Amino acid sequence: MALLTRIKGPRDLDRLSPEQLTQLAAEIRGFLVDAVSKTGGHLGPNLGVVELTIALHRVFHSPKDKVLWDTGHQSYVHKLLTGRQDFSKLKAKGGLSGYPSQAESAHDVIENSHASTVLGWADGIAKAHEVRGRDDRVVAVIGDGALTGGMAWEALNNIAAAKDRPLVIVVNDNERSYAPTIGGLANHLATLRTTDGYERFLARGKDILERTPVVGKPLYETLHGAKKGLKDFIAPQGMFEDLGLKYVGPIDGHDVEALESALTRAKRFGGPVIVHCLTEKGRGYRPAEQDEADRFHGIGPIHPDTGLPLSSGGKDWTGVFGDEMVALGKERDDIVAITAAMLQPVGLEKFAKEFPDRVYDVGIAEQHAAVSAAGMATAGLHPVFAVYATFLNRAFDQVLMDVALHRCGVTFVLDRAGVTGTDGASHNGMWDMSILQVVPGLRLAAPRDADQVRAQLREAVEVDDAPTVVRYSKGAVGPAVEAVGRVGGMDVLREPAATGRPDVLLVSVGALAPMCLEVADLLDKQGISTTVVDPRWVKPVDEALPGLAAEHRVVVTVEDNVRTGGVGSAVAQALRDAGVDVPLRDFGIPERFLDHASRKEVMAEVGLTAPDIARQVTGLVAKMDNRDEAAPGTVAPAAARDAADAAADGAAEPAEAARD
């Protein structure tokens, strides 16, 4: 790593020779394989943009010039070249983020890791520079997969309208986002990539001109950058120029010299320019190059020599859903699946192999997916749209106005719900149970284990007159949590051992059931009797819940969703509407963005652990007992007085997860 360790900032690249740049690229790839194989992360995308990132930082002067990354998972090389070379805690607490981060560096401008947004950002920054009279350059790097998103084209429509506003758009075209990019845009880019006549002409011309003294190379560069009269003659006119955008390319995305030439021409141009770069995801690392699924898009810890995972986890939530979808597909020919460019990550790969004509990958277009699903439902199908919980945020209006308003039977399956941890603020699926509470008629299920994923998915697809939602966590699914009874549609997971009126009704949401049972055990040791229920369907609130709550002294809700407007709020409203005057305490995620760390660390930070919750509930019950003791003719139980003393002795600052 002789060269890489000498790079403290982008300007250190300026003094390197072409041979040294080639060496540096090799060192960066070696560093990435070694570092990311230990921590996990986005390996394939970063191996594909090594030369492109080097060229960007040699031509443009960050941070004065703004280099913006769409999605941002391909920014590891950018981090290395801007002085961040400690990857030992990548995506871990206290370490580097897996995405650009304003807190890390002035070179990082945007850190939203949702795709297709960068061109809007670039348009806004370029407009601000124009108003303020600044000559800073704006460069937006966007993948071909992200160009399938509608927001990208809304931005392009505005960018193209300003012919004299400088803005460089670099299309990183590796034919893939997670998996191979599909759709009409992908076909057009493929045409540009594979126009044999154009490429043969350039290759033959380059050979001749490079052997021509003095003027040969400059003339070749001029011809390579020209389009009118040359490219239009040999290849179909590109849609980018049809929009009014100058087009340069396709460029070999692994040729630093060619990239610098193209980017320099684009930089000199006084308006918006597209620079189309062809790259290979996973380049230089054979296990990634041979991975047909996603070229090691995102990996856990692996053996660097073989690319094989160091450990194999048990069955995960996604796999349980995927298997059940195949079973449903065999039973019902009206079941179809939809994905937004994430067929494998959301578990639909098996369904696609079994029923290739009944799965639709719409690209990075969640809004379109929801509206298209409404159309399918109207025409007699039952679509299942599988998407990360955080990405459903992008389609809220369509869920509300297209699916729910029209009473369409569409099932939304939300993967990675709740705290996901290491991918940081933008990937935590912590808003869905709040934003969906306001959708009339929508029904929302939160399965607690694999058995409930199967059961509640089946219940969801039986609904043909309203949207249904099934949401579950990231990672391995634990053992089954058996019910000991049922009240209404709710599963009773634990009944109080003591007779008489129980102290606490604990409402457990989804995958937090094991933790809630642990809370009940801790409360029992303090002499506090607890009933634990899993409502299964958290929207609408089960009609039996207010009556059950009235039989207890206090209600506690626990959810891995923001507290604001979440399940706890819905339960509180249901109690008020039913005239049940029982105190309620809601535990959930605070209304703030969460830094990247492991799920366990994040849960501890926000107070969503069994000891934290048990300590606060113990203190609450003790206060109630003290009030009862102060009332005429009442005596608090000894166990409760002891609990109050214990709570007073051991209480720390109240966890941020709960408020009175």
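What you see is a predicted model; the values in this text were computed from it and never measured. No hydrogens, no waters, no symmetry mates; every other heavy atom, side chains included, goes into these values.
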Requested in this report: Would you check, one step at a time, whether the test side-chain contact (heavy atoms from CB on, under 4.5 Å) holds for Leu13 with Leu24?
Outcome: CA-CA 10 Å; Leu13 298 170; Leu24 176 63; 3.5 Å; yes
Report task. Run the salt-bridge test on Glu601 and Lys93 with the 4.0 Å N-O cut-off and return the result as yes or no. Result -> no
Query raised in the report: Which pair of heavy atoms, one from Ala288 and one from Arg295, lies closest together, and at what distance?
Result: O-CD, 3.1 Å
**Report entry** Non-hydrogen side-chain atoms of Ser105 and Arg84 separated by less than 4.5 Å
**Finding:** yes
Requested in this report: Drop me the distance from Asp612's CG to Glu605's CD, to the nearest 0.5 angstrom.
Outcome: 11.5 Å
Requested in this report: Take Ile589 and Val419 through the test side-chain contact (heavy atoms from CB on, under 4.5 Å) and record every step on the way to the result.
Outcome: CA-CA 9 Å; Ile589 301 170; Val419 172; 3.6 Å; yes
Query raised in the report: Is the backbone of Phe60 close enough, under 3.5 Å, to the side chain of Arg137 for a donor and an acceptor to pair up by distance?
Result: no
Report task. Considering non-hydrogen atoms only, spot the tightest contact between Asp305 and Pro287 and give its length. Result -> O-CG, 4.1 Å
Query raised in the report: So, the side chain of Asn393 versus the backbone of Thr390: is there a donor-acceptor pair under 3.5 Å, distance only?
Result: yes
Report task. Compare every heavy atom of Ile159 with every heavy atom of Leu119, then report the nearest pair and how far apart it is. Result -> O-CD1, 3.7 Å
**Report entry** His42 ring center within less than 6.0 Å of Phe296 ring center
**Finding:** no
**Report entry** Residues in ring-ring contact (aromatic ring centres under 6.0 Å, His included) contact with Trp69, at least two apart in sequence or another chain
**Finding:** His78
Query raised in the report: Out of curiosity, Leu96 CG to Ser88 OG, how far, rounded to the nearest 0.5 Å?
Result: 8.0 Å
Query raised in the report: Is a side-chain N or O of Ser116 found less than 3.5 angstrom from the main chain of Ala152, in a donor-acceptor match?
Result: no
Report summary line: Heavy atoms of Asn46 and Gln74 approach each other most closely as OD1-C, 2.9 Å
Report task. Mind checking the OG1-NZ spacing from Thr82 to Lys8? Nearest 0.5 Å is all I need. Result -> 12.5 Å
**Report entry** Arg599: partners by side-chain hydrogen bond (donor to acceptor under 3.5 Å, both in side chains), with sequence neighbours left out
**Finding:** none
Query raised in the report: So, the side chain of Thr71 versus the backbone of His73: is there a donor-acceptor pair under 3.5 Å, distance only?
Result: no
Report summary line: Here the gap from Arg58 atom CZ to Thr53 atom OG1, rounded to the nearest 0.5 Å, amounts to 13.5 Å
Requested in this report: Taking Glu591 for its side chain and Arg563 for its backbone only, find out whether a donor-acceptor pair lies under 3.5 Å.
Outcome: no
Query raised in the report: Near Arg11 CZ, under 6.0 Å, is it more than 12 heavy atoms from other residues, nucleotides or ligands?
Result: yes
Requested in this report: Indicate yes or no for a side-chain donor-acceptor contact from Glu27 to the backbone of Leu4 under 3.5 Å, with no hydrogens or angles considered.
Outcome: yes
Query raised in the report: What residues, two or more places apart in sequence or in another chain, satisfy side-chain hydrogen bond (donor to acceptor under 3.5 Å, both in side chains) together with Lys91?
Result: Asp423
Query - Intermediate values then yes/no, side chain to side chain donor-acceptor pair (under 3.5 Å), Arg283 and Thr279 - result: CA-CA 8 Å; Arg283 183 181 176 93; Thr279 62; over 6 Å; no
Query raised in the report: Which distance, rounded to the nearest 0.5 Å, do you find between the CD1 of Ile435 and the CG of Leu392?
Result: 6.0 Å
**Report entry** Check: Tyr388 ring centroid to His114 ring centroid under 6.0 Å
**Finding:** no
Query - Evaluation steps, side-chain contact (heavy atoms from CB on, under 4.5 Å), between Phe87 and Leu80 - result: CA-CA 9 Å; Phe87 274 49; Leu80 290 173; 3.6 Å; yes
**Report entry** Trp121 atom CH2: more than 12 heavy-atom contacts under 6.0 Å
**Finding:** no
Query raised in the report: Between Asp70 (side chain) and Val118 (backbone), is there a donor-acceptor pair under 3.5 Å?
Result: yes
Query raised in the report: Short question: side chain of Glu366, backbone of Ala340 - any donor-acceptor pair under 3.5 Å?
Result: no
Requested in this report: Could you tell me which non-hydrogen atom of Glu260 sits nearest to which non-hydrogen atom of Ala55, and how far apart they are?
Outcome: CG-CB, 4.0 Å
Query - SB check Lys79 Asp86 (cutoff 4.0 Å) - result: no
Query raised in the report: Quick check: does any side chain N or O of Tyr76 sit under 3.5 Å from a backbone N or O of Leu47, one acting as donor and the other as acceptor?
Result: no
Report task. Using a 4.5 Å cut-off on heavy atoms from C-beta on, say whether the side chain of Asp432 contacts that of Ser434. Result -> no
Requested in this report: Please report the shortest heavy-atom distance between Gly98 and Leu90, naming the atom on each side.
Outcome: CA-CD1, 4.4 Å
**Report entry** Distance (rounded to the nearest 0.5 Å) between Asp361 CG and Gln344 CD
**Finding:** 12.0 Å
Query raised in the report: Which of these passes side-chain contact (heavy atoms from CB on, under 4.5 Å) with Val273: Leu263, Val248, Leu245?
Result: Val248
Report task. Could you tell me whether a side-chain N or O of Asp255 sits under 3.5 Å from a main-chain N or O of Ile251, the two making a donor and an acceptor? Result -> no
Requested in this report: Inspect the surroundings of NZ in Lys163 and state if more than 12 heavy atoms from other residues, nucleotides or ligands are less than 6.0 Å away.
Outcome: yes
